[in-house]
Amino acid sequence: MTQTSDNVTWLTQEAYNQLKAELEYLSGPARTEISKKIEAAREEGDLRENGGYHAAKEEQGKQELRVRQLEQLLETAKVGVAPADDGVVAPGMVVTIAFEGDENDTMTFLLASREYASGDIETYSPQSPLGSGVNGKKVGAEAQYELPNGKMASVTVLDAKPYQG
C-alpha cells in the first residue's frame, strides 16, 4: 500500500484515489457545510457563551488540518504497485510475528502508513521501531527492534502477505 523513502510516499492507485477523493470532499462540500454551521451559530447571539459556535470552529480547525495533511501527502506521493507476495516483509503487507521465547505469543499487523489505520487490523508505520525492524526480513528470519525503555527485543517473522484491504 504505502512505502516511504525520504520524502516520497508510495501509494497504490486505489489508495491515491481514495485520499484524493477525501481531499476533494473536505475542500469542497465539507467546507461549505462547516461554514453554514458557523454562520447559523453566529446568528444565535453572544459568541462567548455559544457552545455550538465554538464546537463548529474547532471542527473547522481539525478539518483544515486534515486538508493540509492530505495536500502534503498527495504532493509527494508516487503511485506504484502493491508489494510482491514473495515472503519478504514490505510496506503494504500483513505481517505475523512471534515474540522471542514464546512462539505462541504472536501478533499480526499491517505494515503501512498511518493513512491506512483502521479498526480491522493494527497498523505499524515502516518508520516505527517494530516496523523498521521487520521491514525487508524474510519469513522465518529473526528481527530486532528497540523498545521504549531502550532495551532490544527480538521477534521471528512467521508470515508476510500483501494486504487485501
Side-chain angles (χ1 to χ4, degrees), residues 1-30 34 55 58-165:
M1 295 299 194
T2 73
Q3 175 179 351
T4 306
S5 85
D6 298 339
N7 290 334
V8 174
T9 300
W10 290 94
L11 299 170
T12 61
Q13 186 65 55
E14 177 185 327
Y16 181 87
N17 293 347
Q18 181 181 3
L19 295 171
K20 184 85 170 150
E22 181 184 353
L23 176 61
E24 287 171 5
Y25 170 74
L26 289 176
S27 45
I34 196 69
E58 185 176 327
E59 183 181 339
Q60 181 186 41
K62 288 178 183 176
Q63 186 174 302
E64 290 304 316
L65 175 63
R66 180 66 178 155
V67 165
R68 286 191 300 277
Q69 289 172 335
L70 288 170
E71 286 172 342
Q72 185 177 21
L73 177 70
L74 293 173
E75 186 178 292
T76 61
K78 298 279 188 219
V79 176
V81 295
D85 189 0
D86 58 5
V88 177
V89 177
M93 298 189 92
V94 175
V95 182
T96 302
I97 58 168
F99 293 94
E100 181 180 46
D102 187 356
E103 295 301 313
N104 294 324
D105 186 9
T106 64
M107 179 172 74
T108 300
F109 60 91
L110 172 62
L111 183 65
S113 160
R114 67 186 175 96
E115 299 302 323
Y116 290 97
S118 74
D120 298 342
I121 186 168
E122 193 162 355
T123 304
Y124 282 84
S125 163
Q127 289 77 33
S128 70
L130 176 58
S132 63
V134 299
N135 196 8
K137 301 288 185 196
K138 290 186 175 210
V139 171
E142 187 176 291
Q144 291 194 332
Y145 65 100
E146 188 173 346
L147 297 170
N149 64 8
K151 293 184 179 180
M152 296 301 287
S154 293
V155 296
T156 301
V157 177
L158 300 179
D159 195 23
K161 297 281 182 201
Y163 181 59
Q164 300 300 311

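A quick note: this is a predicted structure, and the numbers were derived from the prediction, not measured.
- Nearest heavy atoms, Arg66 versus Leu26: CG-CD1, 3.5 Å.
- Of all non-hydrogen atoms in Glu146 and Pro129, the two that sit nearest each other are O-CB, 3.4 Å.
- For the atom pair CD1 (Ile34) and CD (Glu58), the distance works out to 10.0 Å, reported to the nearest 0.5 Å.
- In this structure, Leu19 CG and Glu24 CD are separated by 11.5 Å, a value rounded to the nearest 0.5 Å.
- Closest heavy-atom contact between Gln144 and Ser154: NE2-OG, 3.1 Å.
- Nearest heavy atom pair, residue Leu110 against residue Gly92, reads CD1-C, 4.0 Å.
- The side-chain heavy atoms of Val67 and Leu23, taken from C-beta on, include a pair separated by under 4.5 Å.
- When all heavy atoms are compared, the tightest approach of Leu111 to Val95 is CB-CG2, 4.4 Å.
- Rounded to the nearest 0.5 angstrom, Ile97 CD1 and Asp159 CG are separated by 12.0 Å.
- The pair Glu64-Arg68 does not meet the salt-bridge criterion, since no charged nitrogen lies less than 4.0 angstrom from a carboxylate oxygen.
- A 6.0 Å sphere centred on CD of Gln72 holds no more than 12 heavy atoms belonging to other residues, nucleotides or ligands.
- The two residues Thr123 and Ala112 have their closest heavy-atom pair at CG2-O, 3.5 Å.
- With rounding to the nearest 0.5 Å, the separation of OG in Ser125 from CZ in Phe109 is 11.0 Å.
- In this structure the side chain of Met107 never reaches within 4.5 angstrom of the side chain of Val155, judged on heavy atoms.
- With contacts defined as side-chain heavy-atom distances shorter than 4.5 Å, the pair Pro91/Asn135 qualifies.
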